[in-house]
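Data block below; observations after.
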Amino acid sequence: MAGYVKRSRQTNGHTASKGGTEESPFFKWLLITVALLFSILFLLLPLVNVFAQALSKGWQAYWTALSEPDAWAAIKLTLLVAAITVPLNVVFGLAAAWAIAKFDFRGKSLLNTLIDLPFSVSPVVAGLMYVLLFGLQGYFGRWLADHEIKIIFAVPGIVIATIFITFPFVARELIPVMQATRSEQEQAALTLGATGWQTFWRVTLPSVKWGLLYGIILCNARAMGEFGAVSVVSGHITGQTDTMPLRIEKLYQEYNAAAAFAIASLLALLALLTLGIKTFLEWKQERDYERAQRAAESYEDSTAPTSREPEITAVRSQP
Amino acid sequence: MAAQRFRVLPGFGLTMGFTLFYLSAIVIIPIAALFLKSFQLSWADFWRVVTTDRAMAAYKLTFGASLIAALINAIFGTILAWVLVRYTFPGKKFIDALVDFPFALPTAVAGLTLSNLFAGNGWLGQFLVPLGIKGAFTPLGVIIALTFVGMPFAVRTLQPVLENLDRGVEEVAATLGAGRLRTFVKIIAPTLLPTIITGFALSFARAVGEYGSIVFISGNKPFQTEIAPYLIVFRLEEYDYLGATAIAAVLLVISFVILAVINYLESWAGRYQR
Amino acid sequence: MSIELKSVSKQFGEVAAVNNVTFSVNEGELLALLGPSGGGKTTVLRMIAGLEVPTEGDIYIRGQRVNDIKVQKRNIGFVFQNYALFQNMNVFKNIAFGLKIKKWKSADIKARVRELLELLGLEGLDKRYPHQLSGGQRQRVAIARALAPKPSVLLLDEPFGAVDAKIRQELREWLVRLHHDLNVTTLFVTHDQEEAMEVSNRIVIFSRGNLEQIGTPRDVYEQPANEFVARFIGVMNVLELEVFKNVGRAGELQFPAPGYADGERIRIGFRPFSVQISSDLNQFPYQAVVRQTYFLGVMLRLELELESGLLLRSRMSKEEYANLALYDGKKVSLQIRNYRILSREHEPLGPELTAPEKSSLFVGEGI
C-alpha cells in the first residue's frame with residue numbers, strides 16, 4: 001500500500017457533450033489556479049530549487065563537489081547496492097508473479113498481503129529489524145562475529161535493508177500483468193511441445209516485458225534513494241558505508257549545502273529520468289491497449305453481415 | 001467451466017518455494033525478530049518505555065502532522081485530480097507527469113530542498129519568515145514535508161476513478177433540472193468519497209512511516225519537532241535496543257492496523273465500480 | 001483406433017465435470033463433442049490434450065496409454081477457443097513456434113510455414129501481428145500453428161464460437177474440406193447441434209459430465225438414446241397423456257398405451273416429421289388449423305392447433321406445402337405416425353411405436 005503509486009489509466013474515451021455538466025468558467029479557472037499554485041509550490045519549486053542550489057556556487061564548485069573522493073565513493077556504493085538489489089528483487093518478482101498469477105492455491109490473498117507488507121513498515125523500523133538480527137547484540141550477532149562476517153555497519157546490511165524496502169515493487173507490477181496475459185497462450189506453447197522454461201522465456205516474459213521494466217525502474221529509483229532503513233544499518237563510515245542520500249545528510253549537517261545539493265541534483269536527475277521512462281511506458285501501454293481495442297473493433301467489422309473476410313475458396317491438399 | 005485451473009503449467013513448486021523462502025528471509029523472520037525482542041520487556045516495562053513524555057510528544061507530532069498533511073492532500077489532491085481529468089489548460093501534461101515526482105525523488109533530497117526553500121534565506125522563506133511563518137525546524141516543516149511525500153497517493157488514487165466516472169449520470173442530473181452544485185453534492189461527491197478517503201488513508205500511512213525528509217526539515221528537537229521514527233534512531237544511538245524496539249513495535253502494530261483499514265476501504269470504494 | 005477413453009472421470013474439487021466416459025475415435029475421423037455448456041465436453045478435449053489430468057480412467061492415443069505422457073509429448077494440435085495466439089509474435093513466428101521447439105532446420109521451417117500459409121489462405125499476412133488480423137484470420141493462424149508440427153490428432157475447442165452466422169457457415173464447409181484433404185483425426189467441441197450435425201462424421205453428446213450417446217448424425221437424430229438427446233438434437237413434440245383402459249389421451253389425441261394402469265400419466269414424444277397432414281378433412285382422424293408457418297430455407301415448420309387447443313409442430317418441404325395448398329388459417333386433418341413413450345430424462349427411450357391407422361381404437365371411445 002504505502003509504497004508506490006498506481007497508474008491504471010485506461011481512458012473511457014467518452015467525449016460526451018459537456019453541456020450542463022461543465023462548471024461555470026469562473027469556477028473552473030478558480031480550480032485550475034488553485035491546482036496550479038499547489039503544484040508549483042509543492043512540485044515545481046522543490047525541483048527547480050535542487051538544481052539552483054547545486055549550481056549556486058558555479059559549475060566549478062559543482063564539479064569539485066561531485067568529484068571529491070568521498071562523494072565518488074558514495075556514488076559507487078549506491079550503484080553497487082542497486083546493482084545487487086534490483087536483480088534479486090526481479091528474480092523474486094518473477095517467481096512470485098508466476099506462482100500467484102498462474103496457479104490457484106490456499107492462502108493466496110494472505111501471500112499477496114505479505115508481499116505488500118514492506119510498503120507499510122517505516123524504513124527506520126525496517127533497519128532496526130536487521131540490527132536486531134545481525135547486529136552485535138542481535139540474535140545472530142555472536143555467531144557472525146565468531147565467523148568474522150560483518151553485516152551491520154557494512155555493505156551487506158545496506159543491501160539487505162534496501163532489498164526489504166524495495167521488496168514489493170517488481171512483484172506488484174508483474175502480478176496483474178501476468179494475470180492479464182491469458183494462460184491459454186502458455187498452454188498453447190505447451191501443446192506445441194515447449195517445456196516450462198521455453199514457455200516462460202519465449203511467451204510469458206516477452207508479453208510482460210513492459211510491466212517488468214516499469215517495476216525495475218521504480219525498484220531502482222527507490223533502491224538508490226532509500227534513506228531511513230539504510231541510515232540505521234550503515235554506521236555512516238565516510239568513504240565506506242555512505243550511500244548518496246547518507247552523504248547528503250552528512251554534508252548538510254556540516255553546513256556544506258552546495259555540496260549536499262550537488263549530490264542531491266544527481267538523485268533528482270535520476271528521479272526525472274524515472275518519471276520520463278515511467279511516462280513513456282504508460283504511453284506505450286495505453287497505445288497497446290488502444291491497439292487491442294482497435295483490433296477488437298476490426299474484428300467486429302469482420303463479423304458484420306457485410307463481411308470483409310476474404311472468401312476461402314479452396315483448400316489445397318497437403319503435399 | 002470458465003474458472004478451470006490447471007497444474008499443467010510447470011514451475012509451481014520451484015517459484016512458490018523460492019517466493020516463500022525469500023519472503024521469510026527478508027520480511028517475516030525480521031518482523032518476528034522485532035516482536036520477539038520486544039517480548040523481553042515485561043508488560044509494565046514495555047508500557048513505561050513506550051509512554052514516556054518524550055515518546056508521547058513524538059507520537060503526537062507524528063500522527064498529528066500526518067493527519068493534517070493527509071487532510072491537505074485530500075483537499076488539494078482532489079482539486080488537482082479533478083482539474084487534470086476534467087479540464088484542458090496549458091502545461092497540463094507536464095503537471096500530470098510531475099505529480100509522481102515526490103514519489104520518485106529520494107526523501108533525503110526532498111527534505112533537503114524543502115528545508116532550504118522555507119529557511120529564512122530560501123526562496124519562499126524570505127517572504128514567509130518575516131510574516132511569522134517558519135517552515136524550517138518547526139512542526140509546520142514536518143507538515144510540509146509529509147504533504148509533499150503523500151501527495152501522489154491522494155491524486156493517483158482518485159484520478160482513474162474520476163476518469164471512469166460515467167458522465168451520463170451527470171447529464172441525466174442536468175436534464176432533470178439539477179444545478180451544477182446540486183449535481184456535485186448529490187451525485188459526484190458520494191461516488192468519489194470512498195476513493196478520496198482511501199487516498200487520504202494511503203497518504204496518511206505513507207506519512208506515519210516517513211523519516212528521510214523530516215530529518216532535514218524538522219531539526220529533531222525533543223518534545224518539539226521530534227517524530228517517532230527519529231526517537232527510535234535516537235534510542236539506537238544510545239544503544240538502548242529495547243527502548244528502540246518497543247517504540248518500533250508500537251509503530252509496526254499501528255501500521256498494520258492502518259493497512260487493514262486501507263484494505264477494507266479499498267473494497268468499500270470498489271463497490272461503486274462494476 | 002486413434003483415440004480411446006476408458007471409464008474416464010474428472011473431478012474439480014467437489015464437482016464431477018466428467019463422469020465415467022468411454023468412447024473411441026477412429027483414425028481420420030471428424031468427431032464432434034456436443035452438449036450444453038457445463039456438459040464436460042471441453043474437459044474431455046483438454047484431457048485428451050494433456051492439459052487436464054483425469055481423476056480416473058485411461059486415455060489411449062494410437063494404442064499408447066498417455067495418462068502419464070506430458071502435453072508436450074502427445075503430438076496433438078490444439079486450437080483454443082480464443083485462439084491464444086502469441087501476441088508478441090507475428091503470424092510467421094506463431095506458426096513456426098512448434099517447429100522451432102522441435103529444432104527443425106530453418107529452411108525446413110520456412111518451407112513448412114509457407115506451405116501452411118498457402119493451405120489456409122493466409123498468404124501475405126506472415127508479417128502481421130495478431131492484433132492486426134480479423135477474427136477469421138486469427139482462427140486460421142491458430143489452426144495453422146496447431147497443424148505445423150504434423151500432429152496425429154487435431155483438437156479444436158469451440159472453433160466457431162466467436163464468429164457470426166455467415167462466416168460460421170463458410171468456416172464449417174472449410175473445416176470439412178480441410179479435414180477431407182489432410183485426413184487428420186479431428187475432434188471439435190461445440191454447443192451448436194446444427195454445427196455438429198453438419199460437419200462431423202460422428203457426434204458424442206454430453207450432458208452434466210455424462211456421455212449420453214455416440215453415433216452418426218443420423219443415428220442420434222433418428223435413434224436418440226434418451227429424452228435428453230431427443231430434445232437436444234432437433235425439435236420434438238412432447239405430450240402428457242392420461243391412461244384409461246390402455247389408451248393414453250391428451251385432448252382429443254389418443255395413443256395405445258397397453259400395460260399402464262388407469263389414471264397413470266405418461267409422456268410421449270414425436271418428431272415434427274411424424275405429423276402427417278392432409279387437406280382432405282376426412283383422411284386423418286384429427287382436425288386442426290394451420291396457425292403459423294415458418295420458412296426455414298427449403299424446409300417449412302408449421303404450428304398446428306387442434307380442436308382442443310393443443311399445439312403441434314410439423315415440418316415439411318416446400319413442395320409438399322405447395323401440393324397441399326396450405327396457408328395460415330386453413331383447416332386440415334392430421335395423424336401422428338410414429339411416437340415414443342418417454343421415461344425420465346436420462347433413461348433409455350422406449351421403442352418407436354407406430355400409431356394404428358384410423359382404427360377401431362378411435363371409434364366411439366372419445367371423451
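Predicted model only: the values in this text are computed from it and were never measured. Lettering of chains follows the sequences in order, A, B, ..., and the numbering in each one begins at 1.
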Q: Run the numbers on B/Y22 and A/I163 for side chain to side chain contact (heavy atoms under 4.5 Å, CB included), then give the verdict.
A: CA-CA 10 Å; B/Y22 197 75; A/I163 289 177; 3.3 Å; yes

Q | Step-by-step side chain to side chain contact (heavy atoms under 4.5 Å, CB included) determination, B/V83 to A/L36 | A | CA-CA 9 Å; B/V83 165; A/L36 276 179; over 6 Å; no

**Q.** Verdict with supporting geometry, B/F103 and A/L275, side chain to side chain contact (heavy atoms under 4.5 Å, CB included)
**A.** CA-CA 9 Å; B/F103 171 69; A/L275 282 193; over 6 Å; no

**Q.** A/L44/B/F101 under side chain to side chain contact (heavy atoms under 4.5 Å, CB included): CA gap, chis, key distance, verdict
**A.** CA-CA 9 Å; A/L44 201 56; B/F101 180 64; over 6 Å; no

Q: Please step through ring-ring contact (aromatic ring centres under 6.0 Å, His included) for the pair B/F12 and A/F105, ending with a clear verdict.
A: CA-CA 10 Å; B/F12 180 70; A/F105 51 88; 5.6 Å; yes

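In this structure, chain A has heavy atoms under 4.5 Å from both the backbone and the side chain of B/L112. Using a 4.5 Å cut-off between heavy atoms, B/L251 touches chain A through its side chain atoms alone. Both the backbone and the side chain of B/L117 come within less than 4.5 Å of a heavy atom of chain A. Interface remark: A/L31 contributes backbone and side-chain atoms alike to the contact with chain B (heavy atom separation under 4.5 Å). Using a 4.5 Å cut-off between heavy atoms, B/F256 contacts chain A through its side chain alone, with no backbone atom that close. Only the side chain of A/S231 comes within less than 4.5 Å of a heavy atom of chain B; its backbone N, CA, C and O stay farther away. Both the backbone and the side chain of A/F164 come within less than 4.5 Å of a heavy atom of chain B. Only the side chain of B/M151 comes within contact range of chain A, with heavy atoms under 4.5 Å apart. With a 4.5 angstrom heavy-atom cutoff, B/S115 touches chain A only via side-chain atoms. In this structure, the portion of A/F38 lying under 4.5 Å from any heavy atom of chain B is its side chain and not its backbone. Using a 4.5 Å cut-off between heavy atoms, A/V232 touches chain B through its side chain atoms alone. With a 4.5 Å cut-off on non-hydrogen atoms, A/N220 does not touch chain B at all. If you measure heavy-atom distances from B/L84 to chain A, you find no contacts under 4.5 Å at all. Only the side chain of B/F94 comes within contact range of chain A, judged by heavy atoms closer than 4.5 Å. Contacts of A/L45 with chain B are made by both backbone and side-chain atoms, with heavy-atom separations under 4.5 Å. Contacts of A/I32 with chain B are made by both backbone and side-chain atoms, with heavy-atom separations under 4.5 Å. Looking at B/V215, only its side chain comes within 4.5 Å of chain A, counting heavy atoms on both sides. For A/F261, the parts lying near chain B are the backbone and the side chain together; criterion is any non-hydrogen pair under 4.5 Å. Using a 4.5 Å cut-off between heavy atoms, A/Y252 touches chain B through its side chain atoms alone. Both the backbone and the side chain of A/V91 come within less than 4.5 Å of a heavy atom in chain B.
Most heavy-atom pairs under 4.5 Å with chain B: of the set A/T195, A/I217, A/V48, this distinction falls to A/V48. Among the candidates A/Y139, A/W197, A/F27, the residue making the largest number of heavy-atom pairs closer than 4.5 Å to chain B is A/Y139. Counting heavy-atom pairs under 4.5 Å between each of A/L267, A/T274, A/T279 and chain B puts A/L267 at the top. Considering only heavy-atom pairs separated by less than 4.5 Å from chain A, the leading option among B/L80, B/I247, B/V155, B/V233 is B/L80. Interface check for chain A: of the options B/I31, B/N116, B/L36, B/I254, the most heavy-atom pairs under 4.5 Å are formed by B/N116. With chain A as partner, the option from B/L114, B/I95, B/T107 having the largest number of non-hydrogen pairs under 4.5 angstrom is B/I95. Between chain B and the options A/L246, A/L88, A/I40, heavy-atom pairs under 4.5 Å are most frequent for A/L88. Of the listed residues (A/Q53, A/Q253, A/E226), the one with the most heavy-atom contacts under 4.5 Å to chain B is A/Q53. Looking only at heavy-atom pairs under 4.5 Å with chain B, the residue among A/V121, A/L47, A/T199 that has the most is A/L47.
One distance of note links CZ of A/F167 with CG of B/L23; it measures 4.5 Å at 0.5 Å rounding.
The minimum heavy-atom distance linking A/Q137 with B/K37 is given by the pair O-NZ, 4.2 Å. The two residues A/G196 and B/P10 have their closest heavy-atom pair at CA-CG, 3.2 Å. When all heavy atoms of B/P30 and A/Y130 are compared, the pair lying nearest together is CG-CE2, 3.6 Å.
With a 6.0 Å radius and a threshold of 12 heavy atoms from other residues, nucleotides or ligands, B/Y264 has its OH atom at or below the threshold.
The main-chain N or O of A/P46 is found under 3.5 Å from a side-chain atom of B/T113 such that the two form a donor-acceptor pair. For A/S120 (side chain) and B/S255 (main-chain N/O), no donor-acceptor pair under 3.5 Å exists by modelled atom type.
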